[in-house]
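Data first, discussion second: the structure below is written as structure tokens.
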Amino acid sequence: MEAWKNNARREPIIVDLDTLVPKDHLLRKIEKVMDYDWLYERLDPLYCHDNGRPGTDPVVLIKMVLIQHLFGIPSLRQTYREIQVNLAYRWFLGYGLLDEIPHFATVSYAFCRRFPENLTCEIFEHILNKALNNRMVDPSVVFIDGTHIKASANKKKFQKQKVAEAAKVYAGKLREEVNAEREKLGKKPIEDGDDDDDPKPPKGGKPKEKTVSTTDPDCGMFVKGEHERQFAYEAHTACDKNGFILGVEVTAGNVHDSVAWDKVYDEVTAKHDVKFVTMDAGYKTPWITKKTFDDGRIPILPYTRPTRKRNGYKPWDYTYDPVKDQFICPQGQILRHTTTDRDGKRTYRSTPKNCTACPCKAWCGANEKGQKLLTTHIWQEYLDLAEEVRKNEYARMLYRQRKESIERVFADAKEKHAMRYTHHRGLAAVTRWVRLKYAAMNLKKLANWSWKNSLFLFLDICFPIFYTKTPVFLSRKQGFFDRLSAGAEGTAPAVLSLCFGFSQPQGRTEAGDGKYTEKIGGLGDVGEQIQLGQGQKIPKQVHDHRPEAEDRRSGPKEPLPLGDIAKDSCQDQTSHAQHQNAGHHTAEIHLLGEEIIHHKG
């Protein structure tokens with residue numbers, strides 16, 4: 001009874017801090033994959049070593065910020081308190097139990113005043129390059145989307161300001177094509193503030209009223225559906241199918257996704273070989289589809305519900321004559337191309353005297369004068385091409401991966417890494433904060449995958465016979481299936497049956513000439529019979545020639561209807577997949593249901 005009251009709080013003890021940190025702790029995994037020599041070389045010129053007080057190790061300051069973002073701690077002040085009592089955090093910083101932790105104000109000052117502005121970009125790129133070098137990133141398919149971050153601003157403290165609308169990045173190119181088409185129609189070119197067919201004032205200089213926060217003027221009022229009106233920022237993000245973030249652009253919360261798309265797209269495509277770009281309906285604009293197709297890439301976009309009336313003719317009910325550049329309505333009347341406005345919209349009009357007595361005038365939506373107006377965009381063919389891509393089965397499969405890639409990135413960032421709101425103010429500070437958070441997420445995924453790779457490789461070498469299922473990371477290690485197939489005859493099938501969950505031979509069928517057929521998979525019909533002579537080994541790759549297996553390996557059953565662009569892209573994608581199968585020996589689907597012929601005895 002008295003032993004229960006013993007207090008060991010002040011009991012002296014000699015202990016090694018390294019033994020108190022679990023071997024599988026996340027910070028241990030990160031220490032194995034990270035190197036900091038390049039940071040010392042980068043930041044050494046910013047410190048003076050021959051006079052003044054000794055400065056705090058800059059890598060320690062960066063590690064403190066990484067701890068904040070890795071474990072979703074809301075602020076640096078709370079991070080400082082957590083490091084004081086957390087042994088794993090002290091071990092990661094290289095500090096002992098009695099060492100004094102750098103103050104959080106020192107960390108904040110270093111990132112705001114001492115460190116260069118692009119240091120966060122360099123840290124982000126360094127971690128991403130490590131993942132690329134380890135072949136964990138697949139940039140052939142990129143997912144782009146945006147998520148809002150609640151700003152540190154009172155939504156009741158604002159003022160109305162008139163701000164000039166920013167010109168679009170493609171305004172110059174659109175103006176050239178519009179003027180060329182207007183010249184063919186006999187119209188004068190459009191200049192700023194001059195358009196006889198378009199009463200709207202020119203864009204790029206039109207002032208509009210905007211709600212500006214007096215607390216943080218860089219954020220924007222976010223209004224969407226039933227969401228609460230609030231000031232926010234938006235992180236426009238691009239990632240691959242494995243969830244590695246490839247690029248980010250932070251803007252005010254009232255900037256549309258399609259406006260910030262160009263910077264994210266240009267940043268990602270300049271560094272990676274991108275084949276497919278998957279986006280949601282907010283990016284389904286003529287300019288985005290045109291730029292993507294012109295760059296030799298394929299946009300994957302969803303179906304968008306038209307905004308027309310339910311009762312009436314559909315756009316596809318009108319027949320287009322490309323020779324005369326006119327539409328023909330279902331009643332046989334002609335709609336002539338009359339003008340093209342500054343926004344690139346072509347206007348086709350019918351003749352009023354032909355439509356006044358038409359019985360379907362109300363059905364087609366003609367105006368009071370009996371004239372039908374039909375508008376299309378000057379880049380409408382790119383939207384139509386994207387719509388044809390959407391109907392392809394492979395494109396649908398890629399679009400379904402959004403919930404497993406970019407949407408999961410946003411969910412993890414907000415639920416696990418405290419990105420739902422920010423304490424920082426100003427676009428530059430929030431951009432640094434978001435980029436460091438994404439760098440920490442990439443680092444976490446890189447460390448976990450590298451640790452699992454090394455763990456399964458160790459188990460593969462030491463205890464190969466104890467596997468009951470194929471570890472997911474063994475397919476990335478070259479030479480694993482070579483060792484299986486290079487074993488003694490009769491050993492490889494046994495190991496395969498243990499590693500891949502195959503059953504033992506289910507039966508023998510006489511094949512004649514002293515041979516028999518032995519089925520080891522039992523998951524399908526006979527695809528290919530391989531004859532092995534005396535002393536021969538099982539080949540490395542046994543190809544499955546079943547039709548369904550061919551469909552799985554070759555991607556879509558039908559090529560994308562995109563002409564040469566789609567053909568080349570699909571061929572590149574197929575060759576890339578074949579290269580991966582040949583380089584990593586992923587034989588999980590190739591060995592199912594095969595039959596191997598052995599000699600008796």
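- Within the cation-pi definition used here (under 6.0 Å to the ring centroid, within 45° of the axis), R28 qualifies as a partner of W91.
- Judged by distance alone, with hydrogens and angles left aside, the side-chain atoms of R90 form a donor-acceptor pair with the main-chain N or O of D99 at under 3.5 Å.
- The residues K63 and E31 are annotated as salt-bridged, a charged nitrogen and a carboxylate oxygen being separated by less than 4.0 angstrom.
- Using a 4.0 Å cut-off between charged side-chain N and carboxylate O, K291 and D266 make a salt bridge.
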Exercise answer: donor-acceptor pairs, residues 245-255 side-chain atoms, under 3.5 Å, sequence neighbours excluded:
from, atom 1, to, atom 2, distance (Å)
T251, OG1, H236, NE2, 2.8

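- A side-chain donor-acceptor contact under 3.5 Å links Y382 and D294.
- Taking the centre of each ring, Y265 and Y283 stay at or above the 6.0 Å mark.
- Geometrically, R42 does not engage F115 in a cation-pi contact, judged by NZ or CZ lying under 6.0 Å from the ring centre and within 45° of the ring axis.
- Classification of the H103-Y80 ring pair by plane angle, with boundaries at 30° and 60°, yields tilted.
- In this structure Y95 satisfies the ring-ring contact (aromatic ring centres under 6.0 Å, His included) test with no other residue, sequence neighbours excluded.
- Separation of the W433 and Y233 ring centroids does not fall under the 6.0 Å cut-off.
- H424 and T422 share no donor-acceptor pair across their side chains, judged by distance under 3.5 Å alone.
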